Amino acid sequence: MRARTGDQSAHMSFGAGVHKCVGEPLGRAFLDEVLPRLADAFPDLAFLKDGVEPHLTSILQCPTTLPCVLDATNRRLNARMVEIRSKADARAIVNDDETWMPPTMVEHLEALQEKSGHDLSTAIAVARNAPFFLSGPRHETIRPMVMEHLGGNRISAWHAHWEDAASAASRRLEGRAKLDLVADFTDPLFKAAVKSVLGIAARDHERFDALAPKIQEVLHPWLPMRDLLRIQDVMADLLGLMDLPELGADTPLRLLNAIRSETPEGFDERALKSLVLVLYGASFNVRHTLANVLYHILLLLPEEWRFVRTRAEFEKRLDGLIAQCAATKYIYHIARTPVQVGNETLEAGTTARLQLLSINRHEPVGHLAFGHGLHRCLGAAMSRQILRTAIPALFSRHPDIALDPHRHHYLKMSQTIAFDLLPCLLP
């Protein structure tokens, strides 16, 4: 029962009246003793939210597992990969483009195609236009071309569009006693907010939307051949479904339309569609992060999330919410040359997997949720604006929304923290 009186003690977790739990003093003493000791013993403890397994009965709800990372110490996963949990080491890696580079996916796929005999031409074409797998001249061409339209100064032109999308998504919840914030709010809002900005038009929207979530698997640095061939087929289908927009004077200008009108050398129509498609796949993280932030806020008592209704206070807390709730689990960098990281000497070609859960643990500002430097997420400004718009819109229209406790469910994704189901209640 969520307290709505402003008094945080006005709950019935221990019952009330003559049948109030006789073990309340012992329970409170136990929690008062254990929780501070745990926090003192493991100040860098980080919670793996999507690994929780709940136990639900008609009278009991509790987790059966609470997986955590206990410290921020780097650890070697195998001979070719080290997990970076240290904030200082992660900062050093993302700021050193001479020593570190993104995963060399194009070269990997070309070698795999030659050795296996499988036709991986579509996967290679997509990888050649995925900014997070590129460095060098092609990346230097793509980045300013995209940022010209998705950068902070230009993306604000879409503000009214996002306000309308957030308002419409919030209105659709009215009159509902039970709802799923993923299916009923974050998913439709994401599609309405992002597809227009990127200029994605499909001749069969229903099929495109059904296949589109699978684009996220392209973000995995390496996949087994069977999975790679399956994802390649999906990408081919999606590229075939995409219609090129008519060249014209959009206001504001949609990305695919814009880059078609200024197509640089070495980019045909397939390359431009591939670029926009992988940007859309990466943009799913704003959908997931939005759901993660909503869940985080709804775990608080109502009086504790009143900050959402005050724009100035919400703006101050937004970066902290993104740092804590970002959907991305890892950033990958490859050592160009032998390098010392902490106590580890890494050979050239070794992968550093930056684990954002630990790195962002104490970073309300300056976090790495969107990456950093040359490989900072191209959609970071768009993502922030959507979150900035959608979260207050939901809580302003539905101030009494509450979680349906322990009914949520996470997608099983190795690279992303993402809700599949987030049930809530409206009075």
Side-chain angles (χ1 to χ4, degrees), residues 101-110 120-136 138-150 190-191 193-202 208-209 211-223 227-245 254-260 263-264 266-289 327-328 330-332 370-371 374-383 413 415-416 418:
M101 61 183 175
T104 52
M105 184 58 69
V106 174
E107 292 84 349
H108 168 70
L109 292 173
E110 289 175 339
L120 300 178
S121 56
T122 298
I124 292 169
V126 170
R128 288 190 75 244
N129 297 286
F132 34 81
F133 292 141
L134 299 177
S135 58
R138 195 167 184 85
H139 182 261
E140 291 167 7
T141 299
I142 286 176
R143 185 169 186 83
M145 181 171 67
V146 173
M147 291 303 290
E148 174 68 19
H149 303 281
L150 297 189
F190 164 74
K191 292 172 185 173
V194 175
K195 288 171 77 174
S196 294
V197 177
L198 298 183
I200 291 178
F208 184 92
D209 288 341
L211 291 174
K214 296 181 173 60
I215 312 171
Q216 297 167 93
E217 297 186 47
V218 176
L219 305 182
H220 294 211
W222 298 276
L223 288 168
D227 292 339
L228 178 57
L229 292 173
R230 174 177 53 82
I231 294 303
Q232 178 174 246
D233 288 343
V234 170
M235 296 299 292
D237 283 350
L238 288 166
L239 289 169
L241 287 168
M242 288 177 67
D243 285 324
L244 289 168
R254 303 168 194 268
L255 179 63
L256 184 53
N257 201 343
I259 60 180
R260 278 187 71 210
T263 304
F267 288 80
D268 57 16
E269 289 187 349
R270 186 190 194 194
L272 296 180
K273 288 201 295 184
S274 295
L275 169 59
V276 170
L277 192 60
V278 295
L279 290 176
Y280 185 56
S283 296
F284 270 86
N285 279 338
V286 72
R287 168 195 183 273
H288 303 320
T289 299
T328 304
Y330 309 111
I331 297 174
Y332 293 86
F370 297 119
L374 287 177
H375 283 89
R376 179 174 168 82
C377 173
L378 296 177
M382 177 176 67
S383 299
M413 302 179 73
Q415 308 297 309
T416 309

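What you see is a predicted model; the values in this text were computed from it and never measured. Residue numbers run from 1 in the order of the sequence given. No hydrogens, no waters, no symmetry mates; every other heavy atom, side chains included, goes into these values.
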Using only atom types and a distance under 3.5 Å, with no angle test, would you say the side chain of S196 pairs donor to acceptor with the backbone of A193? no
At what distance, to the nearest 0.5 angstrom, does CD1 of I231 lie from OG1 of T122? 13.0 Å
So, taking the atom named CG in L244 and the one named CG in N257, what distance separates them when rounded to the nearest 0.5 Å? 9.5 Å
Any chance you could lay out the side chain to side chain contact (heavy atoms under 4.5 Å, CB included) test for V126 and L277, step after step, and finish with the verdict? CA-CA 9 Å; V126 170; L277 192 60; 5.9 Å; no
Looking at every heavy atom in both H139 and P144, which two are closest together, and how far apart are they? O-CD, 4.3 Å
So, are D233 and R230 salt-bridged, with charged N and O less than 4.0 Å apart? no
Walk me through whether Y332 and F133 qualify under ring-ring contact (aromatic ring centres under 6.0 Å, His included). CA-CA 10 Å; Y332 293 86; F133 292 141; 9.3 Å; no
At their closest point, which heavy atom of M242 faces which heavy atom of L256, and how far apart are they? CE-CD2, 4.2 Å
For a quick test of reading the model, state the closest non-hydrogen atom pair linking P102 to S135 and the distance between them. CD-CB, 4.0 Å
When every non-hydrogen atom of F132 is compared with those of P103, the smallest separation belongs to O-CD, 4.1 Å
With a sphere of 6.0 Å drawn around CZ of R128, does it hold more than 12 non-hydrogen atoms of other residues, nucleotides or ligands? no
Counting C-beta onward and ignoring hydrogens, is there a side-chain heavy-atom pair between F284 and T416 closer than 4.5 Å? no
Locate the shortest heavy-atom distance separating Q232 from S121; write the atom from each residue and the value. OE1-N, 3.6 Å
In Å, rounded to the nearest 0.5 Å, how long is the span from CG of L134 to CE of M101? 12.5 Å
What are the two closest heavy atoms between R376 and R143, and how far apart are they? O-NH1, 3.1 Å
Looking at M145, is its backbone amide N or carbonyl O close enough to the side chain of E148 to form a donor-acceptor pair, meaning the two atoms are under 3.5 Å apart? no
What is the distance from atom CZ of R270 to atom CG of L275, rounded to the nearest 0.5 Å? 14.0 Å
Report yes or no: is the cationic atom of R138 (NZ for Lys, CZ for Arg) closer than 6.0 Å to the six-membered ring centre of F267, at no more than 45° off its axis? yes
Does the pair L198 and L150 meet the rule for a side chain to side chain contact (heavy atoms under 4.5 Å, CB included), with working shown? CA-CA 9 Å; L198 298 183; L150 297 189; 4.2 Å; yes
Distance in Å, T289 OG1 paired with F190 CZ, rounded so as to fall on 0.5 Å steps: 11.0 Å
Within-4.5 Å side-chain heavy-atom neighbours: V278 and P131: yes
Separation between CE (M105) and CG (L109), nearest 0.5 Å, reads 5.5 Å
Close side-chain approach of V234 to I215, heavy-atom, < 4.5 Å: no
Decide yes or no on side chain to side chain contact (heavy atoms under 4.5 Å, CB included) for L272 and N129, but give the supporting numbers first. CA-CA 8 Å; L272 296 180; N129 297 286; over 6 Å; no
Chi angles and distances behind the side chain to side chain contact (heavy atoms under 4.5 Å, CB included) call for R287, K191: CA-CA 9 Å; R287 168 195 183 273; K191 292 172 185 173; over 6 Å; no
